[in-house]
Amino acid sequence: MANDIDELEINPFYKALQSRYVDLYEKAQKNCHLLCIPQTTSISTHIINTDFVDTHVLRPSPYFKDQYMTTHSSNCKTLTLSDNGLYFTTSQGFSDIRDVKILGEELAYNKEYKQYKIIILEEPFDSKFKTQTPQGKEDANTHMLTPKLTVKECTDFLQSFPDFKEILHTLNQKIQNFINHYMVLENYLDDAASRLQDICTQTTVEMTKHLKAPLNSNIKLRDVLAEAVESYVMNAVHDKVFAVISSHLSKQDQTLLTKYQHINKVRPDQIGVRREFSCPLPMAVVELANLSSLRTPREKLVCLKSTVDNITEGVALSLQELTQNSEPDASVAGNPEICITSDDLIPILVTVIAKAKCSHLNSDLFYVDHFMWASADRDRDDLGFCLVTFKAAVQYMVETDFTSMATCLDKELMTNLEDMLTATTLLESQVTQESVEKSNTKSMRDRRERQLNRITGFLEKTVQELKTNRNGNEKPKHLQSIFPDLVTPPSSATSASNQSSQRSSANLGDFLSALQDDEFDQPFGKQT
């Protein structure tokens, strides 16, 4: 959404180049110099002068690659462009050495149809040109520009602007009209996504127009607004849209549910998990188990990223413990810089997915992929990587036959439950600590408490399943005597059983009596 209102149309420096400093602007165009425009929120009109212009019009250095020089007639300054092209580093001639981030880039043409570049900067190259913001106002701006995650945070954020009251009223009417009159069809989900995206786009543009200067020129704020509007809309239509998606992908979801049962009976190394990376990951399992309860695509995507983060942190902690062991694993000790690659992550992720038992994973991934458009997060590449990784893990699960692999013992499941109980205890301590240290941060405490409740529910459900598997589907085994007429029926009373045992012991030899009284209640010899 950052491009809905062009930064160059409202930027005071770019406007000054086209009016007060036309000669310098035309000279830069003719020579195809690099125009560096600090974003509007980082500068004010009164600081723009000839020195400011010369500092932000760059020409390539004749001496070194990726080095640029300012266009001062004397005492020119030098900067270096990073190898990845994401920032400039100031050097000779500047008051301090600092990195200045590049926010965007545009191509332009001069009168001779030659290309030159216009770069949007996060702030001016020289700190003396940077606008100073009072501390209180800076804190308020920081909170305003922080991406909102939960539906409540997005709703409160949008309602905090008095000028948005009528816009939100109109938005609610559009949402209600969509719910009441639009029919979402399985084969036309793209059309539903397009309609909802149009609603979000129109609302965000309208809200931006009602912002007062200088907020209306803040690119980050427009991104946060776009994200908040999207989450607001998708939360409202979730039940209508997701029901059709889950129906459309019900077979694929059911296939994964069947795969979970087989995967949980195989060892991690059988599906490609390296030995040094094979460790319990209860935090990742609990985080992913919460996926189905989330309503907006952004919440679900952040949940996927948190799962991957918990995996990497859990594996890193396990490697650290192995390294500190008195007899460390040779493969770990010999590779202190060992790290998880994409190929390593996928099989680990498969085991976590199987343990989390997400009931609609395919539907969730489709929902995130097709109904999320805005992106205020600067780590969007990380979020996109997590989504692609989950898709690859699901594809691997679908294409692999796990039925022929060896089964695991029940005690491994109990170990996992103990690990999750440990995770629950850890989160309890975190909640207690945060309630003392950050009693004024209600949202953080509530988020921790919600996660703790989800963990507890997940543990109860898993323990119940384990009990059902052990007790509900299996009948207790009873010792089969080689003298059937001497064995007491299972339904007999305890006293009768004791008397029968004493009588049979009197009639049997010591060896057979010992077998019949075996405390482990297990039959001996070959069983058929």
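Bear in mind that the values here come from a model prediction, so they are computed numbers and not experimental data. Residue numbers count from 1 along this sequence.
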| Do the side chain of Thr351 and the main chain of Ile348 share a donor and acceptor less than 3.5 angstrom apart? | yes

| field | Donor-acceptor under 3.5 Å (Asn84 side chain, Leu86 main chain) | value | yes

| Within a radius of less than 6.0 Å around NE2 of His169, do more than 12 heavy atoms belonging to other residues, nucleotides or ligands occur? | no

| request: Report the C-alpha separation of Asp54 and Lys77 in whole Å, then their side-chain angles, then the decisive distance to 0.1 Å, and conclude whether the salt bridge (Lys or Arg N to Asp or Glu O under 4.0 Å) test is met. | output: CA-CA 10 Å; Asp54 289 336; Lys77 307 171 184 179; over 6 Å; no

| query | Is a donor on one side and an acceptor on the other found under 3.5 Å between the side chain of Thr78 and the backbone of Gln92? | reply | yes

| query | Any donor-acceptor pair under 3.5 Å linking the side chain of His56 with the backbone of Phe52? | reply | yes

| query | Going through the distances and angles, do Ser42 and Gln39 end up as a side-chain hydrogen bond (donor to acceptor under 3.5 Å, both in side chains)? | reply | CA-CA 6 Å; Ser42 67; Gln39 66 173 331; 5.3 Å; no

| request: Apply the test ring pair (Phe, Tyr, Trp, His ring centres under 6.0 Å) to residues Phe157 and Phe161: give CA-CA distance (whole Å), side-chain angles for both, the deciding distance (0.1 Å), then the verdict. | output: CA-CA 7 Å; Phe157 174 67; Phe161 294 87; 5.3 Å; yes

| message | Is it the case that the side chain of Ser82 and the backbone of Tyr87 share a donor-acceptor pair, with hydrogens and angles ignored and the cut-off at 3.5 Å? | response | yes

| field | Ser306: which of Leu304, Val302, Val308 passes side chain to side chain contact (heavy atoms under 4.5 Å, CB included) | value | Val302

| field | Donor-acceptor under 3.5 Å (Tyr367 side chain, Arg295 main chain) | value | yes

| task | Mark yes when over 12 heavy atoms from residues, nucleotides or ligands other than Asn75 sit less than 6.0 Å from its CG; otherwise mark no. | result | no

| Between Phe178 and Tyr182, ring centroids under 6.0 Å | yes

